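Written below as structure tokens is the structure these notes are about.
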Amino acid sequence: MAIMEMNTKIKLLGWSALLVVGQTLATALGGPASGGVLAANVLSTIAASVAGNMTATELGNYLVEKLTNSDKILHSRDLTEAAGEAISLVIIAAAKSDALIEIAERKKLPYPQQDLCQLAGKTADYWLNLNTKAGAPATSLLIPEAQLAKIFSPDSTEFATVTGSDAATWENFLNDLARSQHKTLDCDIIKAVAGELHATFPRAFRQVLKRDSQAFAGMLLELHTEALGYLQQLGLQAGEILGKLQGVATQDQMCQLIARLDTAGVGIRTDLAEIREVLEKLADTSAPRLPLPYECETIIQEKTRDFVGRKFVFAAIQEFVRKNPKGYFILEGEPGVGKSAIMAMCVLAMNWRCVAHFNVQSQGITRAEQFLENVCTQLVKGFQLDYTTLPANATADGNFLARLLGEVSAKLGGKKLVIVVDALDEVDLTSQTSGSNVLYLPHSLPDGVYFIVSKRPQPLPLHVSNELTFDLMQYPAESLEDVKRYIQKRTGISGKLQEWVASQGLPVEAFVTAVAEKSENNFMYLRYVLEDIEKGAYRDLKLENLPKGLEQYYERHWGRMGMMSNPLPMHKVAIVYVLAQAGEPVSRRLLAKLSGEKALTVQQVLDEWKQFLRFGAGGWRNPLRPLSQKLRRISSSQRYS
């Protein structure tokens, strides 16, 4: 094995180890019970307590060198596998980027997506098989002071901005990987992908760790023990600090650390374990993980944050699959009741061993061809079907998808394939042939194939056999219990919510019951109202005067923004009205032009309404259809046109 290849792997493993060691130490010293231990950040606090009073930067790079050349780290299979999977995820995401398409078109090169996706599929094995040994020349991995401060920051928002190893190291790795697969990639393509790895590897690495915290807890504990040993060798003797660092010593605590990364995943482990137990027979969890697009992973992480309950839904899914050799399970419910979160939790509960597609109107993911390309690609790669690329007509209609489902069914051997599709009601039906099923979904399915789909209770072209519609609105008692659990969990981890409840002179149980009743079992309402309480928006309001239901919440927010004062703030009304009417993302400049207001005024209004808005490709948009309809009614009633 070439020295350069080993050196590259050693440096990248050292970097990966440092990411988790930094947050382990930050958790020990920078958590809620830290009692003001931190002088500036975790690293500087420890540095001030070791022999010689090292600077934080000196201590950080000492740990880098030790971790990079540790036999335990270089031979840690769990660490190696996690890093390899994260690299693969980033390469797949980069392969589809506009930046690479632009390079290919500018230099008149073939589009690199196919080659890069093939490389990504080989990355994990290639990475795992690269030999490493302690003492190899990898000590040049010096971390800048600013990066070290972020890596060892107890503030998860700071940690989330950490970038990966230097781009040159990633270029070396990509070139070696391409050579191993007898591929030649343009130097600008390599540079672009290396840049993505530099920018996003830490985020992808954290997602892999969070995916199954129990699997990686032992690895984190070993890394923490190793780092603590190095610190004690340096003479760390400060009793309080040493005691806190030694206190992080169990796998359960390591699971808590993983859940804390990126401020996501808090508190869902118990629910996830219970749901996995219910859905354990839905998919072959021992099979290789199916290649979900990176944007799907982001949506899943967002939607499952603070997830609670809904076990009655998962039990119904399990029962449907048990009783039927194939078919469609259609989850139906009003906006805000948690359909997308349930779909995302299905994917997590099956250990990502299912095909998934999320229609997201605010991100422009609404067309049938996007669905077909995504799902067909997952099927081809996940089941190693005999296609080097998708046929030209694969996304024209549902015929190629139907063929792939037949081929996969023949390979299942009595096992099951689950395809999760969220938000059928957000699909742009004008993007497909009139009279066809939404997204060209097949009328009938081969044995062993199941679709779990969600939609609002509105008519859609969906004529399928072997289907069951599960109306979430018919389970108010079960939904109410889940709503109460959600409020209890949020209150339990939020000091500001606890302060507000105490100021009302109420026990927490009374607060939970009252807010649950006012929510009308709508999780979107809970998210907004609880966030508003935490921000102090209801500081002087009694519990009984909180808005009742999502629509009244919108009206109350309308009033709080001064939209009903006399005289009317027509500049605000104009801007919000344009947003409510817009059917696609609107830039700040276009908002200013359409409303006739200055760009600064537009930005001030956007800041006031940002909790209801999303910013993405194309500009600002209001993703909530109920809010759009409500704003239209309120705006019109105030005689704005």
Side-chain angles (χ1 to χ4, degrees), residues 23 26-38 153-160 210 213 244 247-248 252-253 255-272 274 302-310 336 338 341 479-550 552-553 556-557 560 610-612:
Q23 277 298 281
T27 297
L29 293 187
S34 62
V37 170
L38 301 184
S153 172
D155 182 349
S156 56
T157 58
E158 282 273 308
F159 180 61
K210 288 187 295 184
S213 59
K244 287 180 179 294
V248 183
D252 283 345
Q253 288 165 316
C255 287
Q256 293 168 15
L257 161 65
I258 294 175
R260 179 178 175 273
L261 298 179
D262 276 351
T263 69
V266 178
I268 71 167
R269 286 194 310 280
T270 301
D271 286 283
L272 181 57
E274 292 174 352
E302 176 193 341
K303 295 295 184 183
T304 53
R305 186 176 297 147
D306 294 327
F307 188 91
V308 295
R310 322 309 273 165
S479 293
L480 179 61
E481 287 306 307
D482 289 340
V483 161
K484 288 181 177 179
R485 284 189 59 198
Y486 178 86
I487 301 168
Q488 285 171 334
K489 184 171 77 169
R490 284 288 306 275
T491 306
I493 63 176
S494 171
K496 292 182 178 179
L497 282 177
Q498 293 167 19
E499 288 174 11
W500 192 86
V501 174
S503 74
Q504 300 283 313
L506 291 171
V508 172
E509 294 75 13
F511 170 74
V512 169
T513 300
V515 175
E517 188 274 330
K518 286 180 175 292
S519 75
E520 298 178 346
N521 292 350
N522 192 291
F523 286 90
M524 193 180 296
Y525 169 94
L526 292 174
R527 192 184 105 198
Y528 292 148
V529 168
L530 295 179
E531 284 181 359
D532 280 350
I533 292 175
E534 288 176 317
K535 293 173 184 175
Y538 296 126
R539 187 178 295 108
D540 301 321
L541 199 66
K542 291 295 183 183
L543 176 64
E544 59 268 23
N545 294 325
L546 288 176
K548 182 176 176 61
L550 196 59
Q552 192 178 105
Y553 172 81
R556 183 72 59 84
H557 188 83
R560 286 212 322 266
K610 63 183 177 183
Q611 74 183 94
F612 301 116

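The figures here come from the full heavy-atom set of this structure, side chains too, leaving out hydrogens, waters and symmetry mates. Nothing here was measured: the structure is a model prediction, and the numbers come from that model.
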- request: With the side chain counted from C-beta on, respond yes when Leu543 and Val515 share a heavy-atom pair under 4.5 Å apart, and no when they do not.
  value: yes
message: Which heavy atom of Leu526 sits nearest to which heavy atom of Ser519, and what is that distance?
response: CD2-CB, 3.6 Å
- prompt: Side-chain contact, heavy-atom cut-off 4.5 Å: Lys535 with Lys496?
  reply: no
query: Passes side chain to side chain contact (heavy atoms under 4.5 Å, CB included), Lys484 versus Glu509? Steps please.
result: CA-CA 9 Å; Lys484 288 181 177 179; Glu509 294 75 13; over 6 Å; no
- request: Taking all heavy atoms of Thr491 and all of Gln498, pick out the closest pair and write down the distance.
  value: O-NE2, 2.8 Å
message: What's the separation between atom CG in Leu497 and atom CD in Glu531, rounded to the nearest 0.5 Å?
response: 10.0 Å
task: Keeping the roles fixed (side chain from Lys518, backbone from Leu546), state whether a donor-acceptor pair exists under 3.5 Å.
output: yes
message: Working to the nearest 0.5 angstrom, can you tell me the gap between Leu530 CG and Trp500 CH2?
response: 9.5 Å
message: For Leu480 versus Ala516, what's the shortest heavy-atom pair and its separation?
response: CD1-CB, 3.8 Å
message: Determine whether a donor-acceptor pair (N or O, by modelled atom type, separation under 3.5 Å) exists between the side chain of Tyr525 and the backbone of Gly336.
response: no
- prompt: Do the non-hydrogen side-chain atoms of Arg310 and Ser479 ever get within less than 4.5 Å of each other?
  reply: yes
- line: In this structure, CZ of Arg490 is separated from CZ of Arg527 (nearest 0.5 Å) by 9.5 Å
message: Tell me if a side-chain donor or acceptor on Gln504 pairs with a main-chain N or O of Lys542 at a distance below 3.5 Å.
response: no
